[in-house]
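First the proteins, then the strands, lettered A, B, ... as listed; each starts at 1.
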2 protein chains.
Amino acid sequence: MPQTSMEIEKATIILKLLGDKTRLTMMKLIDDEACCVCELVEIFQTSQPSISQHLRKLKDLGLVKEDRRGQWIFYSVDKCNKYYPFIKPILDQIPSQEYKLKELEEKGTRISCC
Amino acid sequence: MPQTSMEIEKATIILKLLGDKTRLTMMKLIDDEACCVCELVEIFQTSQPSISQHLRKLKDLGLVKEDRRGQWIFYSVDKCNKYYPFIKPILDQIPSQEYKLKELEEKGTRISCC
DNA sequence: TGTTTATATAAGTATATAGTTATATACTTA
DNA sequence: TAAGTATATAACTATATACTTATATAAACA
């Protein structure tokens, strides 16, 4: 029996969003810790608009929330969102991506930006 | 901490596969009960090649198994597959699709075919 | 063995999606 | 207030994907 039964249409949309390597990795990363856009740009070695567009899609569904701190906007998984119980077991089963943040710290890029 | 840590690449591929309404519904359906291709064609009101192609993708990853019974091939979720623990919590959270099989039975299409 | 039924595959098409470049917006600070 | 930095959006392009039609394969049965 379902723990939290949810519409199959919504489940499909969410799984499709998570079925992209950049977004899935990003969600795992910001499930632990808020990151700003420029950090994500550096981590994923892609363009800033590309990252913004991924975040936009996640935000449109309410999966992530933003938190402006000065000129930076920090994104993190919205654990209060009603779909969080659905995605949590998925995120829990994929390996931690914290090492990506560690790499930034070692390069000094993390501090310089945020 | 991850229960069953799995490669993020594999997780992405699986989630992308599940991020399609037909495939997700199908997986939920055949998680409970094996169905033959012609039943799935009728349930999803689409062409037979379309269903076969969806099943092919699921089978390529080992998510489903086939079982020939005479002229029919029955498909069901392969619960022994190493990725099953990953998809199980997802399937558990979406509503049962058994009513679709009930509809077939009421129409008499289920018996006539299989 | 030939015909029918069930399923798979190939090839083509239309649409969806991710990424790019260019530009706009918003905040910060000199 | 002007310049610089961070992020968002728009428009475009290239690729991926789902579906269609046509055809192949495989089993059943007359």
Side-chain angles (χ1 to χ4, degrees), chain A residues 8-9 12-27 30 34-76 104 108-114, chain B residues 8-9 12-27 30 34-76 104 108-114:
Chain A
I8 202 141
E9 282 83 3
T12 304
I13 292 169
I14 291 171
L15 293 171
K16 187 176 293 180
L17 277 189
L18 297 182
D20 172 277
K21 194 181 170 190
T22 302
R23 281 192 299 259
L24 184 61
T25 309
M26 198 171 347
M27 285 293 285
I30 64 179
C35 289
C36 72
V37 178
C38 58
E39 284 177 318
L40 296 171
V41 168
E42 179 144 1
I43 286 170
F44 292 102
Q45 293 289 307
T46 183
S47 68
Q48 174 267 314
S50 172
I51 295 295
S52 277
Q53 283 157 10
H54 283 305
L55 288 168
R56 178 70 205 274
K57 289 178 186 182
L58 296 170
K59 207 183 65 142
D60 281 350
L61 264 179
L63 301 185
V64 304
K65 60 184 179 188
E66 54 179 85
D67 169 28
R68 184 176 272 276
R69 300 182 201 164
Q71 59 191 318
W72 296 285
I73 299 177
F74 280 75
Y75 282 87
S76 56
L104 280 199
T109 335
R110 185 144 203 231
I111 306 125
S112 79
C113 156
C114 318
Chain B
I8 201 140
E9 283 82 4
T12 304
I13 292 169
I14 291 171
L15 293 171
K16 186 175 294 180
L17 277 190
L18 297 183
D20 172 277
K21 194 181 169 191
T22 302
R23 280 191 298 260
L24 184 61
T25 309
M26 198 172 340
M27 285 293 284
I30 64 179
C35 289
C36 71
V37 178
C38 57
E39 283 176 319
L40 296 171
V41 168
E42 178 144 2
I43 286 170
F44 292 103
Q45 292 289 306
T46 182
S47 68
Q48 174 267 313
S50 173
I51 295 295
S52 277
Q53 283 156 10
H54 283 304
L55 288 168
R56 177 71 205 275
K57 289 179 185 181
L58 296 170
K59 206 183 64 140
D60 280 351
L61 264 179
L63 302 185
V64 304
K65 61 182 179 188
E66 53 179 85
D67 170 27
R68 183 177 273 276
R69 300 183 201 162
Q71 58 189 318
W72 296 286
I73 299 176
F74 280 74
Y75 281 87
S76 56
L104 280 199
T109 334
R110 188 149 199 228
I111 306 128
S112 79
C113 158
C114 318

What is the distance, rounded to the nearest whole Å, between atom [atom1] of [X] and atom [atom2] of [N]?
X     : N      : atom1 : atom2 : result
A:I73 : D:dT5  : CD1   : C1'   : 12 Å
A:D67 : D:dT7  : CG    : P     : 12 Å
A:Q53 : C:dT17 : CD    : P     : 13 Å
B:Q45 : D:dA18 : CD    : C1'   : 17 Å
B:Y75 : C:dA6  : OH    : P     : 15 Å
A:E42 : D:dT7  : CD    : P     : 12 Å
A:D20 : C:dT17 : CG    : C1'   : 9 Å

Hey, what do you get for [atom1] ([X]) to [atom2] ([Y]), rounding to the nearest 0.5 Å?
X     : Y     : atom1 : atom2 : answer
B:M27 : B:L55 : CE    : CG    : 10.0 Å
B:L61 : B:I14 : CG    : CD1   : 5.5 Å
A:I13 : A:L18 : CD1   : CG    : 12.0 Å
B:I43 : B:M26 : CD1   : CE    : 9.5 Å
A:R23 : B:L15 : CZ    : CG    : 11.0 Å
B:Y75 : B:C36 : OH    : SG    : 11.0 Å

So does B:G70 get a backbone contact from the side chain of B:R68, meaning a donor-acceptor N/O pair under 3.5 Å? yes
Q: For A:R56 and A:L58, indicate whether the former's side chain and the latter's backbone hold a donor-acceptor pair under 3.5 Å.
A: no
Per-nucleotide protein contact along nucleotides 22-30 of chain D, 5' to 3', at a 4.0 Å heavy-atom cut-off (B base, S sugar-phosphate only, - neither), is B----SS--
Under 4.0 Å between any heavy atoms, over every strand shown, what does B:K16 touch: base, sugar-phosphate, or nothing? Just pick one. sugar-phosphate
Indicate, with a heavy-atom threshold strictly under 4.0 Å, whether B:F44 touches base, sugar-phosphate, or nothing.
-> nothing
Start with the C-alpha distance between A:K65 and A:D67, add both sets of side-chain angles, then the distance that settles salt bridge (Lys or Arg N to Asp or Glu O under 4.0 Å), and finish with yes or no.
CA-CA 7 Å; A:K65 60 184 179 188; A:D67 169 28; over 6 Å; no
Per the under-4.0 Å heavy-atom filter, residues of residues 54-66 of chain B near DNA chain C come out as B:R56
Between A:E39 and A:A34, the two heavy atoms sitting closest are OE1-O, 4.4 Å
Note, DNA chain C 5' to 3' with Watson-Crick or G-U pairs under 3.5 Å encoded as ( ), [ ], | and . gives ||||||||||||||||||||||||||||||
task: Dump the intermediate steps for side-chain contact (heavy atoms from CB on, under 4.5 Å) on B:Q48 and B:C38, then the final yes or no.
output: CA-CA 7 Å; B:Q48 174 267 313; B:C38 57; over 6 Å; no
Check: Reckon A:S47 has a side-chain N or O less than 4.0 Å from the OP1 or OP2 of C:dA18?
Finding: no
